[in-house]
> 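Got a structure for you, written out below as structure tokens; questions coming shortly.
Remember, predicted model here, so these are calculated numbers, not experimental data.
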Amino acid sequence: GGVQLIDTATGELLDTLQLDQSIVTDIAISPKGSWLAVAHGETITLCPLKSQPAIAFDPDRTVMLTGDWDFAGSVAFSPDGQQLVSSGGDGAVRVWQMSGPKEPRVLQGHTGSVHSLALHPSGQWLATGSSTGIIRLWDLASGQTMRRLNGHRGVVQSLAFSHDGEVLASGGRDHDI
């Protein structure tokens with residue numbers, strides 16, 4: 001797998017980051033555009049982005065995050081860019097501090113693998129969707145589940161909060177939204 005940076009104004013390929021042969025399952029760019037997180041295979045790759053003289057990867061400072069999670073599912077940065085949240089095949093959600101992503105805080109609660117996640121625009125809440133059809137709403141500060149939502153009959157593949165945070169949309173492999 002690999003990741004390409006493309007200039008949206010010109011369509012020009014700016015840079016390519018070569019990864020292992022695994023499938024890229026998700027990509028996130030930090031709010032200030034200084035980091036790229038890539039979920040692929042059993043790894044999350046954190047690669048700094050440099051902006052001078054042009055936007056490009058800085059592979060010499062790349063960090064590889066690994067664990068016992070079977071696969072890396074989704075990644076998202078908090079709105080302030082201070083945290084990276086990741087999901088995976090072991091049912092846990094990990095919250096990494098960008099000031100030094102050594103050991104993450106682990107949120108437990110799902111019984112199946114976690115395929116999707118979305119951060120509330122305020123950064124206060126996190127929604128996660130699992131292979132069992134369950135969506136959990138977490139208080140990100142405490143790590144506690146605030147609400148458990150049923151509704152999908154299979155994998156919750158995608159989650160998104162509205163811009164104002166008033167609505168959470170979910171999409172599943174059961175063809176329901």
Side-chain angles (χ1 to χ4, degrees), residues 3 5 8 24-49 62-67 69-152 155-173 176-177:
V3 178
L5 294 178
T8 58
V24 173
T25 56
D26 202 11
I27 298 172
I29 296 176
S30 65
K32 293 183 180 177
S34 55
W35 287 94
L36 176 86
V38 183
H40 60 103
E42 297 178 7
T43 305
I44 296 167
T45 298
L46 272 175
C47 187
L49 297 174
T62 296
V63 176
M64 308 293 268
L65 306 174
T66 58
W69 48 58
D70 298 328
F71 68 87
S74 293
V75 288
F77 286 97
S78 60
D80 64 6
Q82 298 299 309
Q83 297 174 317
L84 172 70
V85 181
S86 67
S87 68
D90 63 349
V93 176
R94 289 168 176 77
V95 181
W96 308 83
Q97 296 301 314
M98 288 302 294
S99 58
K102 296 171 184 79
E103 289 299 319
R105 183 166 47 119
V106 179
L107 309 181
Q108 299 282 358
H110 285 288
T111 56
S113 56
V114 180
H115 289 258
S116 55
L117 55 84
L119 280 154
H120 188 272
S122 70
Q124 183 178 358
W125 301 307
L126 169 70
T128 56
S130 77
S131 60
T132 61
I134 304 298
I135 298 169
R136 287 184 179 269
L137 292 176
W138 306 84
D139 179 298
L140 203 51
S142 70
Q144 299 298 310
T145 298
M146 296 173 16
R147 197 165 274 128
R148 183 178 183 264
L149 307 171
N150 301 320
H152 286 282
V155 175
V156 179
Q157 194 67 39
S158 185
L159 294 167
F161 280 102
S162 61
H163 181 70
D164 62 6
E166 295 293 317
V167 175
L168 173 67
S170 66
R173 290 189 190 167
D176 289 343
I177 297 176

> To the nearest 0.5 angstrom, please state how far the CZ atom of Arg148 sits from the OG atom of Ser130.
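Here the rounded value is 8.5 Å.
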> Would you compute the distance between atom CH2 of Trp125 and atom CG of Leu140 and round it to the nearest 0.5 angstrom?
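Rounded to the nearest 0.5 Å, the CH2-CG separation comes out at 11.5 Å.
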> Please test His115 against Val156 for side-chain contact (heavy atoms from CB on, under 4.5 Å), starting from the C-alpha separation and ending with a verdict.
CA-CA 7 Å; His115 289 258; Val156 179; over 6 Å; no
> Rounded to the nearest 0.5 Å, what separation is found between the CG atom of Leu46 and the CZ atom of Phe77?
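With rounding to 0.5 Å, CG (Leu46) is 5.5 Å from CZ (Phe77).
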> Looking at Thr25 and Ala39, would you say the former's side chain and the latter's main chain have a donor-acceptor pair under 3.5 Å?
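Yes; at least one donor-acceptor contact below 3.5 Å.
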> Take a 6.0 Å sphere around CZ of Arg147 and say whether it holds more than 12 heavy atoms from other residues, nucleotides or ligands.
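It does not: Arg147 CZ has 12 such atoms or fewer within range.
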> Got Arg136 and Leu149 here, is their nearest side-chain heavy-atom distance under 4.5 Å?
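Result no, sub-4.5 Å side-chain heavy-atom pair not found.
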> One pair to check against side-chain contact (heavy atoms from CB on, under 4.5 Å): Val38 and Thr43. What are the steps and the verdict?
CA-CA 8 Å; Val38 183; Thr43 305; over 6 Å; no
> Quick check: closest heavy atoms across Ser131 and Gly112, and the distance to 0.1 Å?
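For Ser131 and Gly112, the tightest heavy-atom pair comes out as OG-CA, 3.4 Å.
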> Kindly say whether Ser74 contributes a backbone atom to a donor-acceptor pair with the side chain of Ser87 at under 3.5 angstrom?
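Looks like yes, one N/O pair under 3.5 Å.
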> Determine yes or no for a side-chain-to-main-chain donor-acceptor pair under 3.5 angstrom, with Ser113 supplying the side chain and Gly91 the backbone.
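Pair absent, no side-chain N/O of Ser113 close to backbone of Gly91.
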> Of all the heavy-atom pairs spanning Asp26 and Gly73, show the shortest one and how long it is.
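Residues Asp26 and Gly73, closest heavy atoms: CB-O, 3.5 Å.
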> Between the side chain of Arg94 and the main-chain N/O of Leu107, is any donor-acceptor distance below 3.5 Å?
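No.
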> Compare every heavy atom of Gly129 with every heavy atom of Leu159, then report the nearest pair and how far apart it is.
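That closest heavy-atom pairing would be CD1-N, 3.4 Å.
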> Where does the angle between the aromatic ring planes of His120 and Phe161 fall among parallel (under 30°), tilted (30 to 60°) and perpendicular (over 60°)?
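Answer is perpendicular, since the angle exceeds 60°.
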> For the OG1 atom of Thr132 and the NE2 atom of His110, what is their distance to the nearest 0.5 Å?
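These two atoms lie 7.0 Å from each other.
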> Any side-chain heavy atom of Ile44 sitting closer than 4.5 Å to one from Val63?
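No; the side chains remain at least 4.5 Å from each other.
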> State the CG-CH2 distance between Leu126 and Trp138, to the nearest 0.5 angstrom.
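Between Leu126 CG and Trp138 CH2, I get 8.0 Å after rounding to 0.5 Å.
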> Tell me if a side-chain donor or acceptor on Ser142 pairs with a main-chain N or O of Gln144 at a distance below 3.5 Å.
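Such a contact is found between Ser142 side chain and Gln144 backbone.
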> So, do Val106 and Val93 sit near enough that their side-chain heavy atoms are less than 4.5 Å apart?
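No - every pair of side-chain heavy atoms lies 4.5 Å or more apart.
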> Can you confirm whether Gln83 sits close enough to Gln97 that some side-chain heavy atom of one is under 4.5 Å from a side-chain heavy atom of the other?
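With C-beta onward as the side chain, the pair touches.
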> List the atom of Ser78, the atom of Pro31, and the distance in Å for their closest heavy-atom pair.
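Scanning both residues completely, I find the closest heavy atoms to be O-CG, 3.3 Å.
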> To the closest 0.5 Å, what do you measure between OG1 (Thr145) and CD1 (Ile135)?
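Going from OG1 on Thr145 over to CD1 on Ile135, the span is 13.0 Å.
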> Mind checking what makes side-chain contact (heavy atoms from CB on, under 4.5 Å) contact with Ile29, not counting sequence neighbours?
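Ile29 satisfies side-chain contact (heavy atoms from CB on, under 4.5 Å) with Leu36, Leu49 only.
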> Could you walk me through whether Ile27 and Val3 pass the side-chain contact (heavy atoms from CB on, under 4.5 Å) check?
CA-CA 9 Å; Ile27 298 172; Val3 178; 4.1 Å; yes
> Counting C-beta onward and ignoring hydrogens, is there a side-chain heavy-atom pair between Leu168 and Leu137 closer than 4.5 Å?
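Yes. Closest side-chain heavy atoms under 4.5 Å.
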